[in-house]
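What's counted below: heavy atoms across the whole structure, side chains too, no hydrogens, waters or symmetry copies. FYI, the numbering just counts along the sequence from 1.
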Amino acid sequence: MVEVSRLAVIPEPCRGTVEACTCPWDRAVDCERGCVADDVEVVLDRGAAAAQLCAPGPEAGALVRPMTQAADCEETSLYRCAGGLVVSCSERAAVAACLHGCAREGSDIGVEQTVSREAAFAILCSR
């Protein structure tokens, strides 16, 4: 299942119930083939969330072409997509070029999340 956040104003400090003090989420879609990776939070346009986070079908075809090129990342990023390149931040190298560009320029997957390289491609590259 893919969920998308809703815009909300939560006072700080929040003195209400847990529900009132938690960011609200809407169920966007139930993925037919499951998710690319579980429990991943990525900043994407609301309309692209299902396409990018649900596992691609066989008709999706290739998403990347392999490559190695030096690149920089934030310390908080595991993978990052910029200029159509997916960067493995631990390797400080571009590891693939998205065939259709990044789903969202500059998007990243944080180090606190666990995803495979292939899952990072599916999440970060436009489909």
Side-chain angles (χ1 to χ4, degrees):
M1 171 186 51
V2 173
E3 294 180 314
V4 293
S5 63
R6 256 185 290 136
L7 185 61
V9 177
I10 300 173
E12 188 63 36
C14 188
R15 301 184 201 286
T17 64
V18 171
E19 291 80 20
C21 295
T22 304
C23 292
W25 293 83
D26 292 328
R27 187 179 196 134
V29 67
D30 290 322
C31 297
E32 187 177 308
R33 291 175 202 76
C35 295
V36 172
D38 291 327
D39 302 318
V40 175
E41 290 184 23
V42 181
V43 177
L44 294 168
D45 292 332
R46 188 179 191 93
Q52 293 307 129
L53 298 174
C54 289
E59 73 284 355
L63 297 174
V64 299
R65 59 182 166 80
M67 64 182 305
T68 56
Q69 172 183 332
D72 290 324
C73 281
E74 298 293 323
E75 290 180 13
T76 58
S77 299
L78 180 63
Y79 291 97
R80 180 174 185 265
C81 194
L85 301 177
V86 177
V87 176
S88 169
C89 297
S90 63
E91 298 173 51
R92 295 264 184 223
V95 292
C98 300
L99 297 179
H100 305 288
C102 299
R104 183 171 187 260
E105 184 64 26
S107 61
D108 70 338
I109 298 172
V111 293
E112 70 283 354
Q113 301 180 74
T114 304
V115 297
S116 68
R117 182 177 283 193
E118 291 75 19
F121 298 159
I123 292 168
L124 297 174
C125 293
S126 185
R127 295 190 251 153

Nearest-0.5 Å distance that lies between atom SG in Cys89 and atom OH in Tyr79: 9.0 Å

Backbone of Asp108 reached by a side-chain donor or acceptor of Arg80 within 3.5 Å: no

Rounded at 0.5 Å granularity, tell me how far SG in Cys23 sits from CD in Glu3. 12.0 Å

Are Val111 and Val87 linked, directly or through other ILVMFWY residues, by side chains that come within less than 4.5 angstrom of each other? no

For the student: nearest non-hydrogen atoms of Ala103 and Ile123, plus distance: CB-O, 4.1 Å

Do Val29 and Leu44 sit in one hydrophobic cluster, given that two such residues count as connected whenever their side-chain heavy atoms are within less than 4.5 Å of each other, even indirectly? yes

Kindly check if the number of other-residue, nucleotide or ligand heavy atoms within 6.0 Å of CD (Glu112) is above 12? yes

Do Leu53 and Val36 have side chains that get closer than 4.5 Å, going by heavy atoms? no

Within the distance-only criterion (no hydrogens, no angle test), does the side chain of Thr22 pair as donor or acceptor with the backbone N or O of Val18 below 3.5 angstrom? yes

Could you please spell out the steps behind the side chain to side chain contact (heavy atoms under 4.5 Å, CB included) verdict for His100 and Arg127? CA-CA 7 Å; His100 305 288; Arg127 295 190 251 153; over 6 Å; no

Within the side chain of Gln52, is there an N or O that forms a donor-acceptor pair under 3.5 Å with the backbone of Ala122? yes

Criterion side chain to side chain contact (heavy atoms under 4.5 Å, CB included) on Val86 and Cys98, from CA distance to verdict: CA-CA 7 Å; Val86 177; Cys98 300; 3.6 Å; yes

Just wondering, more than 12 heavy atoms not from Glu74 lying within 6.0 Å of its CD? no

Does the side chain of Ser107 reach to within under 4.5 Å of the side chain of Leu124, using non-hydrogen atoms? yes

With side chains defined as the heavy atoms from C-beta onward, is the minimum distance between Arg117 and Val95 less than 4.5 Å? yes

Report the C-alpha separation of Cys102 and Cys81 in whole Å, then their side-chain angles, then the decisive distance to 0.1 Å, and conclude whether the disulfide (SG to SG under 2.5 Å) test is met. CA-CA 6 Å; Cys102 299; Cys81 194; 2.1 Å; yes

Any pair with a residue in residues 41-63 that passes salt bridge (Lys or Arg N to Asp or Glu O under 4.0 Å), sequence neighbours left out, goes on the list, sorted by first then second residue, please. Asp26-Arg46, Arg33-Glu59

Cys31/Cys54 sulfur atoms closer than 2.5 Å: yes

Please say whether more than 12 non-hydrogen atoms of neighbouring residues, nucleotides or ligands are located less than 6.0 Å from CZ in Arg6. yes

Between atom OG of Ser126 and atom CZ of Arg104, what is the distance when rounded to the nearest 0.5 Å? 13.5 Å

